[in-house]
> 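I have a structure here, written as structure tokens, and I will follow up with some questions on it.
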Amino acid sequence: MSDHQTLYAAFAEKIDAVLSALEMEGTLPPETDRSNVSVEPPRDPAHGDLATNAAMVLAKQAKSNPRALAEQIVEHLQRDAAVTSAEIAGPGFINLRLAPHSWIDELGAIAAGGDDYGKSAMGAGRRVNIEYVSANPTGPMHMGHCRGAVVGDALASLLEHAGHEVTREYYVNDAGGQVDTLARSAHLRYREALGEDIGAIPEGMYPGDYLVKVGEAAAAEFGERFVNEPEHEWLPIFRAYAVERMMDVIKADLALLGIEHDVFASEAALQAAQKPEAAEAWMREHDLVYDGVLEKPKGKTVDDWEPVELPLFRSTKFGDDQDRPIRKSDGKWTYFGADLAYHMQKAEKADALIDIWGADHAGTVKRIKAAVAALSQGEGKPIPFDVKLVQMVQLLRGGEPVKMSKRSGNFVTIADMVEEVGKDVVRFTMLTRKPEAQMDFDFAKVVEASKDNPVFYVQYAHARICSILRKAAEQDFAPSADDLSQLGEDELALIKQAAQFPREVEAAARAREPHRIAFYLYDLAAAFHAYWNLGNDDARKRIIVAQEPDLTAARLFLAVQIGQVIRNGLAILGVEAVEEL
RNA sequence: GCGCCCGUAGCUCAGUCGGAUAGAGCAUCGGAUUCCUAAUCCGGGGGCCACAGGUUCGAAUCCUGUCGGGCGCACCA
């Protein structure tokens with residue numbers, strides 16, 4: 001962890017100090033509410049390096065008008081040696097320009113921070129459990145899982161960079177009815193592997209070819225033991241066996257995307273440990289669960305609906321539309337009942353919980369939020385809990401929609417995807433859109449038009465930097481920070497862009513939006529490409545200027561630090577910073 | 001019928017706890033390469049920020065309603 005304070009944070013403190021001084025002077029009332037004061041770079045760089053809205057936000061409290069208050073703030077700020085100009089603009093913005101050495105120092109901070117530059121202590125070591133993927137263990141991962149997997153993984157990494165202690169967790173749904181279907185399908189393939197003609201895969205079974213291997217492996221492992229046994233003999237064994245094989249497949253798929261979870265939590269194990277029973281008992285004790293009858297669903301006709309008494313969780317007390325059953329009429333746990341206990345379990349070891357879900361689960365967000373709210377209320381400490389919904393990815397191939405259906409056994413897998421376009425393209429592309437908006441992913445397009453793909457643009461910037469360093473070494477130039485005063489306006493502009501990185505990490509972490517890092521990197525890469533091209537018009541603006549070794553050394557130092565920031569950003573996204581394209 | 005998400009340039013999308021003249025890429029038009037990687041750069045044209053109200057010094061951003069698209073709506077996972 002770098003203990004360096006970012007330039008923006010440093011100035012936020014300086015302005016805070018000015019406001020304190022104004023309180024002492026009586027210009028501002030004591031204990032003025034400063035929560036809306038911001039210090040940020042202005043949108044338009046022509047306005048300066050930093051802008052604060054302090055005067056506008058505080059004018060009312062000071063019983064003054066924004067411009068008059070601004071003048072008093074400016075008077076204090078001008079005493080600071082790092083401030084070369086402080087101007088009042090528009091409705092009362094204060095625009096500051098900083099002395100070049102402030103920016104050049106930041107370059108040194110990047111060098112000193114290295115791979116840690118951009119990390120923040122913001123999270124203060126809070127333990128965040130982030131659950132993502134959690135695909136049912138009934139087959140390989142397909143594109144439907146991809147976006148949530150990438151977004152979850154990048155978010156985990158982002159929060160880590162922002163000073164949280166992150167647990168990456170996968171909930172294995174190995175207790176439901178579809179796992180029985182999996183087991184039966186696997187048993188069928190097992191008999192097939194032993195030479196039986198099983199004909200067409202019956203309706204309601206998983207037809208996918210990936211089960212052939214499972215059948216073969218089972219045949220090798222069990223021999224003919226379970227061929228003629230009654231189902232109740234082999235079902236539990238095949239369930240566990242098939243789930244384990246499927247999880248092997250899923251873990252391999254995740255590895256292709258560079259994803260590795262810390263914890264795989266089994267629903268079956270949760271139930272075996274009677275966690276749902278414990279949760280129910282606790283809930284009944286607190287009058288959060290009662291036996292009641294559900295209303296008939298509206299707007300959708302259900303043929304065989306009949307009123308049944310079930311144990312219901314009072315989720316309406318916490319904003320849900322309806323109370324929700326935690327057990328089915330046969331006494332088994334509903335998915336929700338087990339999930340409730342699961343969240344209770346996660347909350348024991350975390351200060352905050354995050355779930356990443358597909359948009360098709362949107363309907364169940366309210367009930368699980370209600371459950372966590374109920375739990376944390378009972379425990380006396382509210383657990384911050386966020387469900388992030390990742391919208392559907394429409395997969396296209398040359399403009400034509402590709403159907404994804406697990407049932408038919410015909411779907412585009414993660415493995416296919418990564419093989420065709422590569423991990424970096426998949427990851428970066430999934431992060432170039434905010435996750436709550438739907439997106440199209442045209443298979444053909446990202447491959448063919450690869451040069452238009454933003455990931456290459458960013459990687460190219462990094463590769464260019466590596467290339468220039470190789471070139472420089474051939475000519476015996478090395479980067480050096482000895483005389484950075486050589487750097488001029490063009491370089492400062494680039495440094496300013498790079499210096500945003502720590503802010504971006506914090507802002508993205510606060511908003512829990514890893515895609516911001518992807519957009520930031522694109523902008524930084526653009527700034528570097530623009531800088532590079534200055535040398536095309538004017539040879540003296542190239543990074544390597546043979547006649548000027550000091551200037552060259554300083555520019556190389558700059559290039560190294562830009563490369564460092566790109567690398568650090570790509571690391572958050574889990575994308576490779578290549579040295580050559 | 002109800003709930004959640006989305007609606008910004010021809011297309012795909014950004015847009016900082018509300019801030020200054022709303023930005024990129026693609027497409028289109030015009031330029032830059034004897035030169036560190038042109039997978040790059042520079043410039044032009046292109047916008048009732050879906051619509052209508054409200055909140056305020058100030059709204060693409062917050063609130064309400066309408067329209068349009070997606071997803072989901074008994075003891076399925």
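Order of the sequence lines fixes the chain letters, A, B, ..., with proteins taken first and strands second; residue numbering starts at 1 for each chain.
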> Hey, does A:R542 reach any base, or is it just sugar-phosphate, or nothing, if we go heavy atoms under 4.0 Å?
base
> Between the base of B:rA20 and the side chain of A:N95, is there a donor-acceptor distance below 3.5 Å?
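Pair found.
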> Under a 3.5 Å cut-off for both distances, is B:rA24 Watson-Crick or wobble paired, and to whom?
B:rU12
> Compare the minimum distances between each of B:rG19, B:rC5, B:rC71 and the side chain of A:M56, then state the nucleotide with the smallest one.
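From the listed options, B:rG19 comes nearest.
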> Counting any heavy atom closer than 4.0 Å, what does A:E580 reach on the DNA or RNA strands: base, sugar-phosphate only, or nothing?
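Base contact.
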> Counting the atoms with a prime plus P, OP1 and OP2 as sugar-phosphate, which does A:E436 contact under 4.0 Å by heavy atoms, base, sugar-phosphate, or nothing?
sugar-phosphate
> Tell me what A:Q475 touches on the nucleic acid: a base, only sugar-phosphate, or nothing, going by heavy atoms under 4.0 Å.
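If one applies the 4.0 Å heavy-atom cut-off, A:Q475 turns out to touch nothing in the nucleic acid.
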> Between the base of B:rG19 and the ring of A:F93 - centre-to-centre under 5.5 Å, planes within under 30° - is that a stack?
no
> Going by distance alone, is a donor N or O of one side chain under 3.5 Å from an acceptor N or O of the other, for A:S120 and A:E506?
yes
> I'd like to know if A:Q394 reaches the base of B:rG70 with its side chain, counting only an N/O donor and acceptor under 3.5 Å.
no
> For a quick check under 3.5 Å, do A:E169 and A:Y342 share a side-chain donor-acceptor pair by atom type?
yes
> So is A:R324 actually on top of A:F313's ring, under 6.0 Å and inside 45° of the axis?
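Not flagged: A:R324 not positioned over aromatic ring of A:F313.
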> So what does A:L294 touch, heavy atoms closer than 4.0 Å: a base, only the sugar-phosphate, or nothing?
sugar-phosphate
> Looking at B:rG53, which nucleotide sits across from it as a Watson-Crick or G-U wobble partner, both distances under 3.5 angstrom, or is there none?
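The answer is B:rC63, by the H-bond criterion.
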> Identify whether a stacking contact exists between A:H361 and B:rA77, where the ring centres must be under 5.5 Å apart and the planes under 30° apart.
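Yes; centroid distance and tilt both under limits.
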> May I ask you to say what A:F519 touches in the nucleic acid, namely base, sugar-phosphate or nothing, with a heavy-atom cut-off under 4.0 Å?
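The answer is sugar-phosphate, as A:F519 gets under 4.0 Å only of primed atoms, P, OP1 or OP2.
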> How is A:A507 classified with respect to the nucleic acid when contacts are heavy atoms under 4.0 Å: base, sugar-phosphate, or nothing?
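The answer is nothing, as A:A507 stays clear of every strand by at least 4.0 Å.
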> For the P atoms, the ones on B:rA27 and on B:rU64, what distance do you get once it is rounded to whole angstrom?
41 Å
> For the residue pair A:Y460 / A:R464, report whether a side-chain donor-acceptor contact shorter than 3.5 Å exists.
yes
> Only pairs with both distances under 3.5 Å count, Watson-Crick or wobble alike; so what is the partner of B:rG3 in this structure?
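Partner of B:rG3: B:rC71.
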> Can A:R284 be said to sit on top of A:Y290's aromatic six-ring, NZ or CZ under 6.0 Å from centre and within 45° of the ring axis?
no
> Taking the six-membered ring for Trp, is the centroid-to-centroid distance between A:H462 and A:F528 below 6.0 Å?
no
> Say we look at B:rG15 and B:rU37: how far apart would their C1' atoms be, to the nearest angstrom?
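Looking at atom C1' only, B:rG15 and B:rU37 are 32 Å apart.
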> Please classify the nucleic acid contact of A:K332 as base, sugar-phosphate, or nothing, using heavy-atom distances under 4.0 Å.
nothing
> Who does B:rA39 pair with, Watson-Crick or G-U, both distances under 3.5 Å?
none
> Tell me what A:T334 touches on the nucleic acid: a base, only sugar-phosphate, or nothing, going by heavy atoms under 4.0 Å.
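A:T334: backbone/sugar contact only, no base atoms under 4.0 Å.
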> Distance check, C1' atoms only: B:rC51 and B:rC6, in whole angstrom units.
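It comes out at 16 Å once rounded to the nearest Å.
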> So A:A472, base contact, sugar-phosphate only, or nothing? Heavy-atom distance under 4.0 Å.
nothing
